[in-house]
Amino acid sequence: MINYTEKIPNNVDLGRDRVLQRALEHWQPAFLGWWYDMGPNESRNYDVYLRTAVSVEPDGWAQFDYVKMPEYRWGIFLQPRDEQRQVNFGTNKGQAAWQDVPGEYRSTLRRIIVTQGDTEPASVEQQKMLGLSCPSLYDLRNIFQVNVEEGRHLWAMVYLLHRYFGRDGREEAEALLARRSGDTDNPRILGAFNEPTPDWLAFYMFTFFTDRDGKFQLCALAESGFDPLSRTCRFMLTEEAHHMFVGETGVSRIIQRTCEVMKENKVEDPSAVRALGVIDLQTIQRYLNFHYSVTLDLYGSDVSSNAANYFTSGLKGRFEETKINDDHTLSEAEYPVSEVIGEKIVTKKVPALTALNERLRDDYIREIESGVSRWQRVIDRAGIPFRLTLPHKGFHRAIGNFAGHFISLDGQVLTEEAWKNHEFEWLPSPKDHAFVQSLMSGRVADPGKFANWIAPPVRGINNQPLNFEYVRFN
Ligand SMILES: [Fe+2]
Ligand SMILES: [Fe+2]
């Protein structure tokens with residue numbers, strides 16, 4: 001168990017490294033300053049029924065209780081060390097896993113950690129205002145849970161920066177608190193983390209699509225030859241599962257409610273559906289198209305020498321690297337990538353080493369496909385003839401081989417003009433956003449009550465009933 005009398009709960013024996021402890025104790029008030037400034041709006045005095053990580057034991061790692069969020073114990077937890085662990089891929093394959101940063105990879109590794117760390121506070125910033133329009137106390141508690149855990153993920157990355165990267169690391173840790181999502185002068189590093197999350201449908205889509213990118217990035221980093229990074233990411237993945245659950249069930253409950261209302265009132269036309277105060281399936285599809293396409297960009301260029309370099313050096317592996325049955329050096333292998341030539345999308349084979357971003361994106365897409373088919377089952381069970389579809393991989397892309405091209409939902413190469421003619425059939429329009437936000441103008445805060453546009457969940461959190469007081473406003 002973690003000693004909660006320490007300022008920073010941890011299982012990394014922080015108390016024995018005074019320099020590190022002081023650096024983190026110095027960073028902690030700056031972090032709290034950021035939380036007060038950019039964390040959930042007006043939430044300072046709420047008592048929230050939150051889980052807190054208290055150990056890394058699989059059967060007892062979390063404890064649930066009411067917590068004021070600024071008093072949340074953002075701890076530092078690494079999965080226990082495996083003394084036998086090796087670098088499992090790349091040219092250093094077979095070496096003992098590194099317990100310190102190899103000098104030649106120092107700046108690359110720092111860049112990888114900073115890029116991951118930057119996404120964590122970014123999503124908190126993006127979701128800052130949503131508590132004011134929550135559909136229930138259950139959902140309010142869930143967004144706060146996601147927010148405090150993204151805060152803990154920031155702590156996890158800052159620990160690595162402070163512990164292993166000296167002064168450079170401390171400067172990067174400060175910069176992580178200085179960038180702001182969507183800021184024109186000092187934005188967050190990755191595009192999707194500068195997009196607004198203006199409403200709860202966007203929040204659930206974000207946690208389904210973009211937190212799942214987080215999962216795949218963490219899985220790739222969990223394979224790292226740099227053991228402290230691997231162990232940190234393994235523990236973060238435990239928490240990430242709940243974020244994706246919030247997203248998947250959130251969208252599913254919205255779909256369910258829409259379908260119920262459509263059946264009860266025998267309506268199908270989107271404007272008739274909207275008039276009944278629920279979100280039409282066409283709008284849900286457009287949100288899906290948006291969040292899917294901006295998240296695909298997070299994987300980076302289809303062909304990337306950086307990705308090859310990360311792999312060859314043993315810093316970032318493939319999804320489930322050690323379960324893959326090949327040489328783990330990719331010296332001969334090839335992998336298919338797409339590109340636009342004239343008016344056609346063609347697939348060609350390139351060295352697999354250079355296509356690792358594309359491969360991780362494809363692994364991600366497979367998981368997304370099964371999630372979307374679970375949403376589809378909700379519609380099918382209601383007997384409504386509507387199909388949710390995933391856009392073509394090239395649709396609405398700003399990074400990689402499709403950037404600068406105008407690809408339709410079904411993968412046709414269009415002119416800019418032709419594409420623009422369909423833009424708001426395919427992506428949410430300002431009117432769609434205004435409609436969705438009109439449903440979410442205030443907070444539903446009576447225990448057990450849910451907004452009209454979303455179905456209640458199947459069960460509560462930690463076996464509590466649905467009418468449990470998940471948040472007390474005081
Ligand atoms: Fe995270
Ligand atoms: Fe997350």
Side-chain angles (χ1 to χ4, degrees), residues 31 34-35 38-40 48 50-53 56 61-62 69 72-79 112-128 130-131 139-161 172-173 176-177 179 181 188-195 197 200 202-222 224 229-251 291-292 294-295 298-299 316 319 360 364 367-368 371 461:
F31 168 81
W34 167 82
W35 180 268
M38 295 312 293
V48 187
L50 292 176
R51 81 175 174 191
T52 303
V56 292
W61 65 275
M69 283 189 285
Y72 189 79
R73 308 302 305 269
W74 284 283
I76 298 166
F77 301 98
L78 272 62
Q79 213 74 304
I112 290 174
I113 292 169
V114 166
T115 306
Q116 177 60 40
D118 192 69
T119 66
E120 315 288 357
S123 66
V124 177
E125 293 166 2
Q126 288 168 293
Q127 296 159 16
K128 178 178 171 54
L130 292 177
D139 290 280
L140 185 60
R141 177 264 168 214
N142 280 350
I143 195 173
F144 289 161
Q145 183 71 60
V146 171
N147 292 159
V148 292
E149 285 176 349
E150 300 306 0
R152 204 200 66 75
H153 292 176
L154 172 60
W155 271 92
M157 293 297 122
V158 164
Y159 162 73
L160 295 175
L161 291 170
E172 293 285 11
L176 284 168
L177 296 175
R179 285 185 286 273
S181 176
R188 291 295 171 184
I189 295 170
L190 301 170
F193 292 90
N194 288 302
E195 297 284 348
T197 308
W200 280 78
F203 167 68
Y204 296 128
M205 290 287 179
F206 185 96
T207 39
F208 177 80
F209 286 104
T210 312
D211 281 70
R212 192 177 311 274
D213 160 68
K215 170 191 163 171
F216 278 82
Q217 300 298 340
L218 291 177
C219 283
L221 295 177
S224 182
L229 176 60
S230 164
R231 292 162 57 204
T232 302
C233 291
R234 282 176 206 278
F235 187 66
M236 290 163 76
L237 282 163
T238 317
E239 292 160 320
E240 207 59 56
H242 177 67
H243 307 180
M244 293 180 293
F245 162 86
V246 168
E248 179 167 338
T249 55
V251 173
H291 286 271
Y292 178 63
V294 298
T295 304
L298 289 173
Y299 291 84
K316 183 178 178 183
F319 180 58
L360 194 59
Y364 166 84
E367 218 180 83
I368 288 292
I461 292 294

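For the numbers below, each heavy atom of this structure counts, side chains included, while hydrogens, waters and symmetry mates do not. All ligand and atom numbering here is 1-based and tracks the order in the structure.
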Exercise for the section: State the atom name: nearest N, O or S atom of His243 to the Fe ion (ligand 2). Expected result: ND1
Handout entry: Lys/Arg-Asp/Glu bridge criterion (N-O < 4.0 Å) met for Arg152, Glu120
Key = no
Exercise for the section: Write the atom name of the N, O or S atom in Glu120 that is nearest the Fe ion (ligand 1). Expected result: OE1
Problem - Contact check: Glu150 to the Fe ion (ligand 2), N/O/S below 2.8 Å - result: yes
Problem - Minimum-distance N/O/S atom that Asp211 presents toward the Fe ion (ligand 2) - result: OD2
Handout entry: Under-4.0 Å salt bridge between Arg51 and Glu239
Key = no
Handout entry: Geometric class of the Tyr364/Phe216 ring pair [parallel <30°, tilted 30-60°, perpendicular >60°]
Key = perpendicular
Fill in the blank from the handout: the Fe ion (ligand 1) has as its nearest N, O or S atom from His153 the atom ND1
Practice task
Taking both backbone and side-chain atoms into account, decide whether Glu240 has an N/O/S atom under 2.8 Å from the Fe ion (ligand 2).
Solution key: yes
Problem - Donor-acceptor contact below 3.5 Å, side chain Gln126 vs main chain Ala192 - result: yes
Practice task
Classify the angle between the aromatic ring planes of Phe245 and His242 as parallel (below 30°), tilted (30 to 60°) or perpendicular (above 60°).
Solution key: parallel
